[in-house]
Amino acid sequence: VDVSNPAAPALIGSYTTGGITPAYIAMDWPVVFIENGTTLLSIDASDPLAPALLGTDTAPDFIYGLSTGDGLLIANLTNTGAAVYDASPPQNPVYEGLISAAGSSQEAVVVQDVAYLAQSSYGVNAQDLTAPWAPADAGYWTGPNYSYAVAHGAGHLFVGNDFSAVTIHHTPACLEGFEPNDTPGSP
């Protein structure tokens, strides 16, 4: 969709996935990663008039969310945690390893080789991905409510939960665990 005129977006191209209606999409331009049940599709969108399939992979479980960062693709899985892929060969993302997670992995964000997974009643799990084939626990934070969404910006993690959004201070020292801020926006 061309949004150069936000008042009148125009459809300029499409790609038919076949099978299950895709619910999760992540992008590492010009590659679009699309979930199709347990199938991960890699689409070349460099020519938006004619998006083309680059490759596919079968995930270990149903995909429940996708995110990209630092050359990695994280596929949140329904019952088994999250799959880590090396997304640098976009035509064939390479499955690297599995992040075993308590609870279901709702959403993830990757920041400087650390994946932060929102895991509903289990809070936010930080995983060191410097060796993506062997994800390692790097910290854990349980908030006052269920954690469903996580985003990163301005050096902070923002965690969406049942009743509020909680800002968590993010520093490189997070590999020792990460600390919650008492006041959103504080250093």
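As the structure is a computational prediction, the values presented were derived from the model and not from experiment. Values below: every heavy atom of this structure, side chains too, minus hydrogens, waters and symmetry copies. Positions are given from 1 along the sequence.
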Original post:
Taking it one step at a time, do Q106 and N76 satisfy side-chain hydrogen bond (donor to acceptor under 3.5 Å, both in side chains)?
Top reply: CA-CA 7 Å; Q106 303 289 319; N76 296 322; over 6 Å; no

**OP:** Mind checking the CG-OG spacing from N125 to S147? Nearest 0.5 Å is all I need.
**Re:** 11.0 Å

Subject >> hydrophobic_cluster_shared for I63 and L72, side chain cutoff 4.5 Å >> reply: no

**OP:** Would you check if I43 and L54 make a side-chain contact, meaning some heavy-atom pair closer than 4.5 Å?
**Re:** no

Original post:
Quick one: does D128's side chain have a donor or acceptor within less than 3.5 Å of a partner on T130's backbone?
Top reply: yes

**OP:** Taking all non-hydrogen atoms of both residues into account, name the closest pair between P9 and V3 and its distance.
**Re:** CB-CG1, 4.3 Å

Original post:
What about W29 and Y15, same hydrophobic cluster or not, with Ile/Leu/Val/Met/Phe/Trp/Tyr joined at side-chain heavy-atom distances under 4.5 Å?
Top reply: yes

**OP:** To the nearest 0.5 Å, tell me how far D28 CG sits from S42 OG.
**Re:** 10.5 Å

**OP:** Give a yes or no on whether the backbone of M27 and the side-chain of T68 come within a donor-acceptor separation of less than 3.5 Å.
**Re:** yes

**OP:** Output the distance between atom CD (Q127) and atom CD1 (I99), rounded to the nearest 0.5 Å.
**Re:** 5.0 Å

**OP:** Mind listing the closest non-hydrogen atom pair of S4 and P6 along with its distance?
**Re:** O-CD, 3.5 Å

Subject >> Cluster overlap L129 with L73, hydrophobic side-chain contacts below 4.5 Å >> reply: no

Original post:
Honestly curious: do V114 and V84 fall in one hydrophobic cluster under the side-chain, below-4.5 Å linking rule?
Top reply: no

Original post:
For the atom pair OG (S67) and NE2 (H152), what is the distance rounded to the nearest 0.5 Å?
Top reply: 13.5 Å

Original post:
Hey, does the side chain of S46 reach the backbone of P30 with a donor-acceptor pair shorter than 3.5 angstrom?
Top reply: no

Original post:
Any idea how Y64 and Y24 line up, ring-wise: parallel (<30°), tilted (30 to 60°), or perpendicular (>60°)?
Top reply: tilted

Original post:
Among the clusters formed by ILVMFWY side chains lying less than 4.5 Å apart, do Y85 and L98 turn up in the same one?
Top reply: yes

Original post:
Do V32 and P51 come close enough that some side-chain heavy atom pair is under 4.5 Å?
Top reply: no

**OP:** Show the numbers, then the answer: is there a side-chain hydrogen bond (donor to acceptor under 3.5 Å, both in side chains) between D57 and Y95?
**Re:** CA-CA 8 Å; D57 190 60; Y95 175 78; over 6 Å; no

**OP:** Spell out, as yes or no, whether a donor-acceptor pair under 3.5 Å connects the side chain of T78 to the backbone of F62.
**Re:** yes

**OP:** Kindly compute the distance separating OG1 (T56) from CG (L41), expressed to the nearest 0.5 Å.
**Re:** 7.0 Å

Original post:
Measuring from L40:CG to L66:CG, what's the distance to the nearest 0.5 Å?
Top reply: 6.0 Å

Subject >> Side-chain (E107) to main-chain (V150) donor-acceptor, under 3.5 angstrom >> reply: yes

**OP:** Please check if the side chain of D61 supplies one atom and the backbone of L77 the other of a donor-acceptor pair under 3.5 Å.
**Re:** no

